[in-house]
Amino acid sequence: MLNLDFPEHRTSRILITGSNGFVGCALAKRLFALGFENLFLTSSSSSKLDFGSFFQIDFSDTSALVAILSEVKPECIINTAAISSIEGAFFQPEKALEVNAFAPELLARYCAIHRVKLVHFSTDFVFDGTHTAMTENHKENPISSYGSSKWLGDKFIEHCCNNHVIIRPIMVFGEKEEWQRHNFYTWLVQALQKNDSVNITADQWRQPTYISDLVEAVLQLTFSNATGLHHIAGADYLNVMDFARKIALSFNEPEDKLNAMDTHVLGTPEPRPLASGFDLSKVQKAIYYHPKSIDKAILHIKNGR
Ligand SMILES: NC(=O)c1ccc[n+]([C@@H]2O[C@H](COP(=O)([O-])OP(=O)(O)OC[C@H]3O[C@@H](n4cnc5c(N)ncnc54)[C@H](OP(=O)(O)O)[C@@H]3O)[C@@H](O)[C@H]2O)c1
């Protein structure tokens with residue numbers, strides 16, 4: 001991966017939406033650490049970060065979003081805000097459309113008019129879970145309200161604004177902030193340390209993305225000439241049970257605390273894709289992206305990065 005500190009961009013006015021969230025917070029913290037001076041942040045609840053100019057906003061409120069854009073006048077927007085779970089979108093389908101599709105459309109229109117780059121987060125859940133090694137040309141076929149709402153957002157952006165990067169990560173994992181919801185890694189570590197035994201899906205296959213690799217890749221894509229859709233994932237494609245085993249092993253926890261289950265037994269309101277893996281050629285070529293193996297990522301987390 002390139003190793004640049006983006007000096008020529010440090011004074012740019014950058015709007016990061018979803019800054020309390022797992023990905024948005026990690027991006028905001030990395031930019032702040034790099035010395036970026038003009039960070040503007042949004043979330044739907046009050047700010048958990050002690051830097052940047054913060055706006056609390058519900059993305060369903062279009063006029064509030066327009067007002068923030070007029071006030072901030074961003075020179076780059078990184079949009080991580082989303083109803084980001086299957087359950088969230090299933091129980092609030094209209095809200096999911098507003099936040100995951102119509103708000104991104106509004107951002108894209110702003111970016112097109114003002115010649116601003118839009119970096120937007122999509123998801124691997126736009127696919128149906130029947131393929132792996134999927135390229136950016138793979139045909140979407142969402143099987144949940146979450147996946148459909150996110151795919152609609154992608155289509156709006158592609159239609160409205162040429163200067164965009166759309167990033168599709170898979171199962172992002174890593175250390176989280178105290179206030180954030182668990183990701184697979186933090187959930188499992190906490191459960192194992194409490195001595196709980198846990199149910200793990202044994203029929204799902206993923207290519208998990210380490211948050212730290214994702215953040216570096218997103219910044220490279222943001223501050224380069226790259227545009228368009230980019231699939232981003234980790235180095236390893238594996239069964240979720242094997243991912244869990246690697247985590248348990250790294251904490252010297254016995255494997256027998258992991259109960260293998262089929263997804264349908266665990267029960268979710270809508271189906272999850274069973275298989276999800278990407279061909280990373282495009283992003284590798286664009287920014288020399290070389291993600292860590294899962295074993296190295298776990299070590300990286302345990303060594304405090
Ligand atoms: N995490 C993954 O494994 C993964 C995988 C594939 C794709 N993605 C995509 O990556 C992006 C970031 O995901 P994430 O894991 O960081 O999500 P997250 O932790 O759930 O964070 C979502 C952010 O969006 C904000 N938000 C939620 N509802 C909102 C609303 N109505 N109006 C305005 N803001 C709202 C949240 O604000 P509050 O926290 O203040 O409520 C939070 O800051 C999303 O687009 C997601 O679809 C994530």
Side-chain angles (χ1 to χ4, degrees), residues 1-10 12 14-19 21-36 39 76-82 84 104 117-127 132-138 150 154 157 163-176 183-185 206-237 276-301 305:
M1 189 173 296
L2 301 175
N3 184 18
L4 302 173
D5 285 346
F6 319 110
E8 69 277 27
H9 297 285
R10 283 208 199 125
S12 304
I14 300 181
L15 177 65
I16 304 171
T17 72
S19 59
F22 185 37
V23 176
C25 172
L27 282 165
K29 284 177 71 173
R30 181 74 178 121
L31 284 171
F32 185 66
L34 285 169
F36 277 69
L39 297 179
C76 172
I77 299 177
I78 304 180
N79 182 38
T80 78
S84 62
K117 187 163 186 174
L118 174 60
V119 178
H120 171 78
F121 279 79
S122 177
T123 172
D124 57 322
F125 281 24
V126 297
F127 299 113
T132 183
M134 293 178 284
T135 69
E136 286 76 1
N137 297 323
H138 197 91
K150 294 290 289 183
D154 298 353
I157 291 169
N163 192 11
H164 71 258
V165 169
I166 296 176
I167 291 160
R168 288 185 178 151
I170 300 175
M171 196 185 196
V172 187
F173 73 98
E175 208 55 82
K176 71 176 191 70
N183 57 73
F184 186 77
Y185 175 88
R206 293 287 182 269
Q207 196 169 335
T209 315
Y210 179 34
I211 183 76
S212 159
D213 288 336
L214 177 64
V215 163
E216 296 309 315
V218 172
L219 297 189
Q220 299 290 349
L221 290 169
T222 302
F223 301 120
S224 69
N225 294 327
T227 55
L229 185 57
H230 286 80
H231 284 179
I232 295 189
D236 300 315
Y237 177 73
S276 183
F278 286 158
D279 179 321
L280 299 176
S281 307
K282 183 174 176 183
V283 69
Q284 274 165 351
K285 202 168 158 203
I287 56 161
Y288 311 107
Y289 174 69
H290 289 292
K292 291 173 197 59
S293 67
I294 286 187
D295 292 329
K296 281 202 175 140
I298 292 173
L299 257 183
H300 199 240
I301 300 170
R305 299 179 180 185

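Since we're looking at a predicted model, the values are computed, not measured.
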Could you tell me the separation between the [atom1] atom of [X] and the [atom2] atom of [Y], rounded to the nearest 0.5 Å?
| X | Y | atom1 | atom2 | answer |
| --- | --- | --- | --- | --- |
| D236 | D295 | CG | CG | 7.0 Å |
| I16 | T222 | CD1 | OG1 | 9.0 Å |
| F173 | T209 | CZ | OG1 | 8.0 Å |
| Q220 | Y289 | CD | OH | 12.0 Å |
| R10 | L31 | CZ | CG | 10.5 Å |
| L15 | I77 | CG | CD1 | 5.5 Å |

Where is the tightest heavy-atom contact between [X] and [Y], given as atom of each residue plus distance?
| X | Y | answer |
| --- | --- | --- |
| S276 | Y237 | O-CE1, 3.5 Å |
| E175 | Y185 | OE1-CE2, 4.4 Å |
| G174 | I301 | CA-CD1, 3.8 Å |
| V23 | I211 | CA-CD1, 4.0 Å |
| A226 | L221 | CB-CD2, 3.7 Å |
| S212 | H300 | OG-CE1, 3.8 Å |

Exercise for review: Spell out, as yes or no, whether a donor-acceptor pair under 3.5 Å connects the side chain of T227 to the backbone of H164.
Suggested key: no
Review point. Can you tell me if K117 uses its side chain to pair, donor with acceptor, with the backbone of S224 under 3.5 Å?
Key: yes
Check your understanding: Given Y210 and I294, is the side-chain contact (heavy atoms from CB on, under 4.5 Å) satisfied, shown in steps?
Key -> CA-CA 8 Å; Y210 179 34; I294 286 187; over 6 Å; no
Exercise for review: Please test N163 against L118 for side-chain contact (heavy atoms from CB on, under 4.5 Å), starting from the C-alpha separation and ending with a verdict.
Suggested key: CA-CA 6 Å; N163 192 11; L118 174 60; over 6 Å; no
Check your understanding: Among T17, I232, L214, I166, which one satisfies side-chain contact (heavy atoms from CB on, under 4.5 Å) with F121?
Key -> L214
Review point. Can you name the one residue among D154, L229, I167, V165 that meets side-chain contact (heavy atoms from CB on, under 4.5 Å) with H120?
Key: D154
Review point. So do the side chains of M171 and F184 get within less than 4.5 Å of each other, counting heavy atoms only?
Key: yes
Practice item. Answer whether the closest heavy-atom distance between the side chains of R30 and V218 falls below 4.5 Å. Key: no
Exercise for review: Just say parallel, tilted or perpendicular for the rings of F127 and H231, cut-offs at 30° and 60°.
Suggested key: perpendicular
Point to revise | Trace of the side-chain contact (heavy atoms from CB on, under 4.5 Å) decision for I14 with I78 | key: CA-CA 7 Å; I14 300 181; I78 304 180; 4.3 Å; yes
Review point. Which is it for L280 and Q207 under the side-chain contact (heavy atoms from CB on, under 4.5 Å) test, yes or no, and what are the steps along the way?
Key: CA-CA 11 Å; L280 299 176; Q207 196 169 335; 3.8 Å; yes
Check your understanding: According to the salt bridge (Lys or Arg N to Asp or Glu O under 4.0 Å) rule, which pairs have a member within residues 284-294, sequence neighbours left out?
Key -> D213-K292
Exercise for review: Establish, from distance only, whether the side-chain atoms of D279 and T135 form a donor-acceptor pair under 3.5 Å.
Suggested key: no
Exercise for review: Could you tell me whether E136 and R168 have a side-chain N and a carboxylate O separated by less than 4.0 Å?
Suggested key: no
